[in-house]
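Here is the structure we will look at.
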Amino acid sequence: MEPARTRIAPSPTGDPHVGTAYQAIFDKAFAEKTGGQFILRIEDTDQVRSRPEYELKIINCLKWLKLDWDEGPDIGGPYAPYRQSERTEIYREHIKILLEKGFAYYCFCTADELEHLRQEQKIAKLPPGYFGEYSPCRKLTEDEVRSKIKAGIPYVIRLKVPIDEGEVSFFDSIRKKQLVKKFKEIDDQVLLKSDGFPTYHLANVVDDYLMKINTVIRGEEWIPSTFKHVLIYQGFGWKLPQFYHLALLRNPDSQKSKISKRKNPVSLEWFRAAGYSPEILVNYLALMAYSLPEGIERFSFSELVNSFNPDRLSAAGPAFDFVKLDSFNTEYLSHTDTVSFRKHLKERLDYLEEYLGEDLFKQMMERFKPLSQEVGYWTDFFFKTKLQYNREDIEGIKPLSITDVKTFSEILNKWLKEKGSLFENLPVIPEEIITEAGKENMNPGIFAVYKAINNIVNDTDFHGSLLKRNFPDTFKEKIPKTAFMILRISCTGSKTSLPLWESLHRLGYYRVIARLDEFIQFTSSLIRK
RNA sequence: GUCCCCAUCGUCUAGCCUGGUCUAGGACACAGGCCUUUCACGCCUGCGACGCGGGUUCAAAUCCCGCUGGGGGCACCA
């Protein structure tokens, strides 16, 4: 394969998009596989929406994913500058060529006139577009044009699409077929805006040619525009690059529409702050359009490069499945070594301040008092793909009236009863223990555990390896099975926790006894009501 | 509306180009089991798809046509 020069050309008009990374993966893989180069070019031709901070964010996120480039605005390269706002002179020179060759023309129509035109076309049931007989400016003589320019009338320069019955076509290497469109279905696209900046179409073609991009990989949303691009290439007399139009990432709902921030997180910063591993995100994203011949799903970027074969790129639109991504991430994190795990956690925490912003981060810090509390506790709501709402939560925010208070206490009572039911299947406790505990305010199940712990300490060494590793037989005989859960809950506060004996050992005798004491009191108070 | 793209389990896909080896394979999810005095991990099993209709052929998930469904474009935004 010929060395491929590929490029990612994001527009710095918003948060770095997951689709940008998705595309960059294949750009970079293609370049590396063929011994070519991968280029980052910033398409900031929209003066209104482009912001320098977005460019920085894009660069940071792509670097986070280790999808770094061989040439770009930050590192330069033989075809600099790599920022389109710094190349306006180049576009103006090139538009002259198109003008001279008769492939472009001046247009002085105002926005209102254009709107009018579209209405006319709509009524006439014609496809909307500025072309053919609908374009008065196409018919302007050179003198007329010159005098209008002299008069200072603002203008744009449009592509002069042929008006005959012909057609344009190009080969799409993912769909593996020739895509065709008739001239009359293509509108006279604006090439140079009235602010003197090029539109995407012009800048993109000119830069791709000048930067020797021979492999264009981008989303399939660009297919309709590609016909215009081909016309521009032809106007200049340039050879076409190879086109690979990637299927668009879709929302995982039944609609499967193009992935959108209204329905799902799409910002790379979100993925980063949420704690996704960059390797895993890249792996998962690659899977959206590519599959290894061996059917291997988990692979590193270099493994992807090794086996990369553009023929295997898929044309069908994949739904982005957060559940599967999560499972990949979990698997990765739980099987990695402790050093990488710590590194990952540390990086995530470092980034969290940047993501939340200083104010919000400090707010989190204030709530961070109990040192054992993990970062996620206060920040999870940022990262849940689906929030769970509790009935109690919703009842709770109602305005309080007498009736409301009544309702509230009823719910509270019900809730407490459910907690109490945990002890429905209480173990049978010897009569003497219950007597000893005092029948009125002691929960027998808890007390049995309490008692047993005390016995154990009498019989064995709590701090010794016995408790750390093996379950003591003496304990086993004395305590019914359900008691283990009671022990676990009382000592860890949760029905699910790390292995019990190691945890108890780590807690130590005094804290175990203290927690049991507290738990006994807590449950007794619940049961009495 | 119009032009274009796409179509295998719920989801991501392998297979399709070079028809038979496909009673369609894998992964995530789900269900059951094993392991485990919890949870998780791990292991095993199960559930589950070639959108529909026509061709072509001895034979079609695979080739052709139509339909249906989904998606994208139709800006002085990219």
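Note that the coordinates shown come from a computational prediction; the quantities given were computed from them, not determined experimentally. Proteins come first, then strands; the chains are lettered A, B, ... in the order of their sequence lines, and each starts at number 1.
When the P atom is used for both B:C30 and B:C67, the distance is 41 Å, rounded to whole Å. Between B:G51 and B:C6, the distance separating the two C1' atoms is 13 Å to the nearest Å. Taking atom P on both nucleotides, B:U13 is separated from B:G66 by 26 Å, rounded to a whole Å. Distance noted for atom C1' between B:C52 and B:A61: 14 Å (whole Å). Taking atom P in both B:U23 and B:C28, the straight-line distance is 25 Å, to the nearest Å. With C1' as the reference atom, B:G48 and B:G26 are 14 Å apart, rounded to whole Å. Using atom C1' as the reference point in both B:C74 and B:U18, the two lie 39 Å apart (nearest Å). Comparing the same atom, C1', in B:A14 and in B:G25 gives a spacing of 6 Å after rounding to whole Å.
Side-chain contact between A:Ser291 and A:Ser314 is absent, with no heavy-atom pair separated by less than 4.5 Å. A:Pro16 has its side chain out of reach of A:Leu62: every pair of non-hydrogen atoms, C-beta onward, lies at least 4.5 Å apart. A:Asp187 places none of its side-chain heavy atoms less than 4.5 Å from the side chain of A:Val161.
Of the side-chain N and O atoms in A:Ser291, one or more sit less than 4.0 angstrom from OP1 or OP2 of B:A14. Distances shown here put a side-chain N or O of A:Lys258 below 4.0 Å from the OP1 or OP2 atom of B:G73. Close to B:C12, at under 4.0 Å from its OP1 or OP2, lies a side-chain N or O of A:Lys256. Between A:Thr45 and B:A78 there is a side-chain N or O to OP1 or OP2 distance below 4.0 Å. At least one side-chain nitrogen or oxygen of A:Arg312 sits closer than 4.0 Å to the OP1 or OP2 atom of B:G15.
Heavy atoms of A:Val323 sit under 4.0 angstrom from primed sugar atoms or phosphate atoms, though from no base atom. The residue A:Ser257 sits close only to the backbone: its heavy atoms come under 4.0 Å of sugar-phosphate atoms, none of a base. Counting non-hydrogen atoms under 4.0 angstrom, A:Glu43 reaches the backbone sugars and phosphates but no base. Contact annotation for A:His335: backbone-only contact, meaning every heavy-atom pair under 4.0 Å involves sugar-phosphate atoms and none involves a base. Across all strands, A:Pro318 comes closer than 4.0 Å only to sugar-phosphate atoms, never to a base (heavy-atom distances). When heavy atoms are screened at a 4.0 angstrom cut-off, A:Arg218 is found touching no nucleic acid atom at all.
Residue A:Lys228 contributes atom NZ, which lies 12 Å from atom C1' of B:C77 at whole-angstrom precision. Between the CG atom of A:Asn251 and the C1' atom of B:U11 there is a distance of 14 Å, rounded to whole Å. Following rounding to the nearest Å, A:Lys176 (NZ) and B:U18 (P) show an atom-to-atom distance of 13 Å. B:C12 atom P lies 11 Å from atom OH of A:Tyr22, rounded to whole Å. Protein atom CG of A:Asp321 is 9 Å distant from nucleotide atom P of B:A29, rounded to whole Å. Atoms CZ (A:Phe170) and C1' (B:G73) sit 12 Å apart, rounded to a whole Å. For the pair A:Glu297 CD and B:C12 P, the computed distance is 12 Å after rounding to whole Å. Atoms CG (A:Asn283) and C1' (B:A27) sit 11 Å apart, rounded to a whole Å.
Across all strands shown, B:G51 pairs with B:C67; the Watson-Crick or G-U wobble distances both stay below 3.5 Å. Pairing for B:C9 is absent, with no Watson-Crick or G-U wobble pair whose two atom distances lie under 3.5 Å. Partner assigned to B:U2 is B:G73, using Watson-Crick or G-U wobble distances below 3.5 angstrom.
Between A:Gln84 and A:Ala289, the residue anchored nearer the 5' end of RNA chain B, judged by the nucleotide with its closest heavy atom, is A:Ala289.
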Q) What string of B, S and - do you get for nucleotides 4-9 of chain B, 5' to 3', if B is base contact, S is sugar-phosphate-only contact and - is no contact with any protein heavy atom under 4.0 Å? A) SSSS--
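Cation-pi check for A:Arg7 over A:Phe38 is not met; the charged atom does not lie both under 6.0 angstrom from the ring centroid and within 45 degrees of its normal. Under the 6.0 Å distance and 45° angle rule, A:Lys148 counts as a cation-pi partner of A:Phe108.
Considering A:Phe170, A:Phe243, A:Phe183, A:Tyr233 as possible partners of A:Phe227, the one that fulfils the ring-ring contact (aromatic ring centres under 6.0 Å, His included) test is A:Phe170.
One can find a donor-acceptor pair under 3.5 Å joining the base of B:C76 and the side-chain atoms of A:Ser194. Donor-acceptor pairing under 3.5 Å, judged by distance alone, is absent between the side chain of A:Lys324 and the base of B:A29.
In this structure, a donor-acceptor pair under 3.5 Å is present between the side chains of A:Thr226 and A:Arg218.
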Q: Go through A:His94 and A:Tyr209 one step at a time and tell me if the ring pair (Phe, Tyr, Trp, His ring centres under 6.0 Å) criterion holds.
A: CA-CA 11 Å; A:His94 280 82; A:Tyr209 172 75; 7.7 Å; no
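Residues A:Phe341 and A:Leu333 approach most closely at CD1-O, 3.5 Å, considering heavy atoms.
Contacts of A:Pro12 classified as side chain to side chain contact (heavy atoms under 4.5 Å, CB included), with partners at least two apart in sequence or in another chain: A:Ile42, A:Asp44, A:Ser50, A:Tyr54, A:Glu55, A:Ile58.
The nucleotide whose nearest atom lies closest to any side-chain atom of A:Thr199 is, among B:C77, B:G10, B:G73, B:C77.
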